[in-house]
Asker: 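The structure's right below; bear with me while I get my questions together.
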Amino acid sequence: MTTTLTIRGAWSAARQNCAPGCFSYHASWRLFRLAGLKGNPRWHGAFYRRALDDRQPSTALVCGSSDETMPQILTELQPDIQITVADTCPTPLTLINAWAKKTGARVSTLRSEAPQLDGVSGAFDLIVTDGLLSLLPTSADREAVIARLAGLLSEDGLLLYTTRIAGPAGHLEYDRIGRAGQALTAATWPVASAERVQLARQQLRRLSRPSPFTSPDQIADAFRSSFGQVHLFTRSAPPTIALALHPAFLTGRGSLCVGIAATQPRHP
Ligand SMILES: C[S@@+](CC[C@H](N)C(=O)[O-])C[C@H]1O[C@@H](n2cnc3c(N)ncnc32)[C@H](O)[C@@H]1O
């Protein structure tokens, strides 16, 4: 079946490919991204442009990518770049392959989980990952991912990590709407209704994922053990109209976009 790069196409790809643990997330991701409610690589576009201003990487690794947005940004900045995308779930890889086929972008995809990243071999000129560290349960896991990525980078390569830090409320804007949307999406999981209800309940009960970091400096510090040079960029302006209209931003307590540019990898 042809995969279309639409909200319905992404939902349909998720119904065919996702495990229960990520179905609600991947099936609803495109809707939330397009609505401007959930953080995605476009929110960090200015950071990527600035970081790549004086570089022309010919190979890149994207580690975790919910859909084609990240490879799309990289090819906008560097049209001939050869991109490898590693993700644990086949749904984003299906979307990325459909996008690459349509655009002629030079992309290869593989199912692989960080930190092991089995099947991924460097050295890459550029490695990018958005929000991945927030998905890892322990600081040891986060350290292992950073060290593994450093090991996959060429000597003069660049690693870009982007994420957001919640404001004083402790959770990101529209978090509740996001969870409610994912619970509704769970009701479309292609299994018996009892299982669907159980999945929807899990989504509603699931607590907001607390960011492992509470300050930009903490994020930069996490990269210092594996990189000789770590530069930190922050942006407090709301990245979308939806965020600008959120009470947190209206009262000057909105989330912060953070970008890390790391070079001089320490290879094991
Ligand atoms: C890293 S975030 C990326 C989100 C971001 N908005 C984007 O599209 O760039 C979510 C993606 O990472 C994948 N993922 C989660 N844990 C992973 C891991 N340990 N290794 C590789 N991919 C992972 C998920 O399947 C999902 O597609």
Asker: Do the non-hydrogen side-chain atoms of R30 and E68 ever get within less than 4.5 Å of each other?
Answerer: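 Heavy-atom side-chain distance check passes, below 4.5 Å.
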
Asker: If every non-hydrogen atom of A35 is compared with every non-hydrogen atom of A242, which pair is closest and at what distance?
Answerer: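 Distance-wise, the nearest heavy atoms are O-CB, 4.0 Å.
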
Asker: Within a strict 4.5 Å, meaning less than it, do heavy atoms of the T103 and T75 side chains meet?
Answerer: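 Side chain of T103 against side chain of T75, heavy atoms only: no contact under 4.5 Å found.
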
Asker: Assess whether side chain to side chain contact (heavy atoms under 4.5 Å, CB included) is satisfied between V107 and W99, documenting all intermediate values.
Answerer: CA-CA 9 Å; V107 180; W99 167 78; 3.7 Å; yes

Asker: If two hydrophobic side chains count as joined below 4.5 Å and joins carry through other members, does F227 share a cluster with L61?
Answerer: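 Yes; tracing contacts between hydrophobic side chains, which count when under 4.5 Å, links both residues.
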
Asker: Can you list the residues that meet the ring-ring contact (aromatic ring centres under 6.0 Å, His included) rule with W189, with sequence neighbours excluded?
Answerer: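 For W189, the residues satisfying ring-ring contact (aromatic ring centres under 6.0 Å, His included) (neighbours in sequence not counted) are F23.
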
Asker: Is the shortest side-chain N to carboxylate O distance from R49 to E76 below 4.0 Å?
Answerer: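 Judged by the 4.0 Å cut-off on N to carboxylate O distance, R49 and E76 do not form a salt bridge.
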
Asker: Is the shortest heavy-atom distance from the side chain of N40 to the side chain of F32 under 4.5 Å?
Answerer: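 A side-chain contact is absent here, since even the closest heavy-atom pair is not under 4.5 Å.
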
Asker: For T214 versus I165, what's the shortest heavy-atom pair and its separation?
Answerer: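 Distance-wise, the nearest heavy atoms are O-CG2, 3.8 Å.
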
Asker: Say whether, by atom type as modelled, one donor and one acceptor occur between the side chain of R42 and the main chain of T69 under 3.5 angstrom.
Answerer: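 Absent.
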
Asker: Can you tell me how far the CG atom of L135 sits from the CG atom of D141, to the nearest 0.5 Å?
Answerer: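 CG of D141 is found 11.0 Å from CG of L135.
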
Asker: Please say yes or no: joined through hydrophobic side-chain contacts below 4.5 Å, possibly via intermediate residues, are V258 and L132 part of one cluster?
Answerer: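 V258 clusters together with L132.
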
Asker: Quick one: are P57 and L52 in side-chain contact, heavy atoms under 4.5 Å?
Answerer: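 Yes. Closest side-chain heavy atoms under 4.5 Å.
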
Asker: For residues 219-241, pull every pair meeting side-chain hydrogen bond (donor to acceptor under 3.5 Å, both in side chains), keeping only residues two or more places apart or in separate chains.
Answerer: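 Found D221-R224, Q229-H231.
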
Asker: Is a side-chain donor or acceptor of T162 paired with a backbone partner of G259 at a separation under 3.5 angstrom?
Answerer: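 Checking the backbone N and O of G259 against the side chain of T162, no donor-acceptor pair under 3.5 Å is found.
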
Asker: Output the distance between atom SG (C63) and atom CG (D130), rounded to the nearest 0.5 Å.
Answerer: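 It is 11.5 Å, given to the nearest 0.5 Å.
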
Asker: Do I260 and L232 come within less than 4.5 Å of each other through their side chains, counting heavy atoms only?
Answerer: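 Contact flag for I260/L232 side chains = yes.
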
Asker: Could you please spell out the steps behind the side chain to side chain contact (heavy atoms under 4.5 Å, CB included) verdict for C22 and T91?
Answerer: CA-CA 9 Å; C22 67; T91 296; 5.9 Å; no

Asker: Which residues pass the ring-ring contact (aromatic ring centres under 6.0 Å, His included) test with F223, not counting sequence neighbours?
Answerer: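 F223 satisfies ring-ring contact (aromatic ring centres under 6.0 Å, His included) with Y161 once adjacent residues are dropped.
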
Asker: Minimum heavy-atom separation for L74 to I81, with atom names?
Answerer: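 For L74 versus I81, the nearest heavy atoms are O-CG2, 4.1 Å.
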
Asker: Donor-acceptor pairs are to be reported for all side-chain atoms of residues 7-18 against protein atoms at under 3.5 Å, with residues two or more places apart or in another chain.
Answerer:
residue : atom : partner : partner atom : Å
W11     : NE1  : T188    : OG1          : 2.9
R15     : NH1  : T188    : O            : 2.5
N17     : ND2  : A13     : O            : 2.8

Asker: Compare every heavy atom of V85 with every heavy atom of P71, then report the nearest pair and how far apart it is.
Answerer: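 Heavy-atom minimum between the residues: CG-CG2, 4.3 Å.
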
Asker: Do K38 and Y174 come close enough that some side-chain heavy atom pair is under 4.5 Å?
Answerer: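 Answer no - side chains too far apart.
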
Asker: Grab the two heavy atoms, one from P239 and one from C257, that are nearest each other, plus how far apart they are.
Answerer: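 Heavy atoms only, the tightest pair is CG-SG, 4.1 Å.
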
Asker: If you round to the nearest 0.5 Å, how far is OG1 of T84 from CZ of R106?
Answerer: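 Between R106 CZ and T84 OG1, I get 10.5 Å after rounding to 0.5 Å.
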
Asker: Looking at every non-hydrogen atom in both residues, tell me the closest pair between T185 and A27 and how far apart they are.
Answerer: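 Scanning both residues completely, I find the closest heavy atoms to be CG2-CB, 3.4 Å.
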
Asker: List the steps and the verdict of side chain to side chain contact (heavy atoms under 4.5 Å, CB included) for V197 and R201.
Answerer: CA-CA 6 Å; V197 170; R201 282 207 179 119; 4.0 Å; yes

Asker: For side chain to side chain donor-acceptor pair (under 3.5 Å), just list the numbers for D87 and S65, CA-CA rounded to whole Å, side-chain angles, deciding distance to a tenth of an Å, and then say yes or no.
Answerer: CA-CA 7 Å; D87 198 289; S65 189; 6.0 Å; no

Asker: Which is it for Q116 and R148 under the side chain to side chain contact (heavy atoms under 4.5 Å, CB included) test, yes or no, and what are the steps along the way?
Answerer: CA-CA 7 Å; Q116 297 81 9; R148 174 76 172 117; 5.8 Å; no

Asker: Any chain of hydrophobic side-chain contacts (each under 4.5 Å) joining F233 to M70?
Answerer: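 Same hydrophobic cluster.
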
Asker: Do you reckon L117 sits in the same ILVMFWY cluster as V128, going by side-chain contacts under 4.5 Å, direct or chained?
Answerer: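 Result: no, two separate clusters.
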
Asker: To the nearest 0.5 angstrom, please state how far the CG atom of L160 sits from the CD1 atom of I127.
Answerer: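 That separation rounds to 10.0 Å.
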
Asker: If the condition is salt bridge (Lys or Arg N to Asp or Glu O under 4.0 Å), which residues does R33 pass it with, not counting sequence neighbours?
Answerer: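 So R33 forms a salt bridge (Lys or Arg N to Asp or Glu O under 4.0 Å) with D67.
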
Asker: Backbone N or O of T88 within a donor-acceptor pair of the R111 side chain at under 3.5 Å?
Answerer: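 Judged by distance alone, yes, a pair lies under 3.5 Å.
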
Asker: Show which side-chain atoms of residues 246-255 pair as donor or acceptor with protein atoms under 3.5 Å away, not counting sequence neighbours.
Answerer:
residue : atom : partner : partner atom : Å
H246    : ND1  : A248    : N            : 2.9
T251    : OG1  : P247    : O            : 2.8
T251    : OG1  : A248    : O            : 3.2
S255    : OG   : R164    : NH1          : 3.0
S255    : OG   : E173    : OE1          : 2.8
S255    : OG   : E173    : OE2          : 3.4

Asker: What is the distance from atom CG of L243 to atom CG of L37, rounded to the nearest 0.5 Å?
Answerer: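 L243 CG to L37 CG: 7.5 Å, rounded to 0.5 Å.
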
Asker: Nearest 0.5 Å please: distance from the CG atom of L256 over to the CG atom of L172.
Answerer: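 Taking CG in L256 and CG in L172, the distance rounds to 11.0 Å.
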
Asker: Is there a side-chain contact between L133 and I146 (heavy atoms, below 4.5 Å)?
Answerer: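 Yes, their side chains come closer than 4.5 Å.
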
Asker: Counting C-beta onward and ignoring hydrogens, is there a side-chain heavy-atom pair between T263 and R55 closer than 4.5 Å?
Answerer: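 Yes, side chains in contact.
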
Asker: For R266, I'd like to know if atom CZ has over 12 heavy atoms of other residues, nucleotides or ligands within 6.0 Å.
Answerer: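 Yes, CZ of R266 has more than 12 neighbouring heavy atoms, counting only those of other groups under 6.0 Å.
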
Asker: Applying the 4.5 Å side-chain criterion to the ILVMFWY set and letting contacts propagate, would L152 and L159 be lumped into a single cluster?
Answerer: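 Yes, it is one cluster - the side chains of L152 and L159 are joined through contacts under 4.5 Å.
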
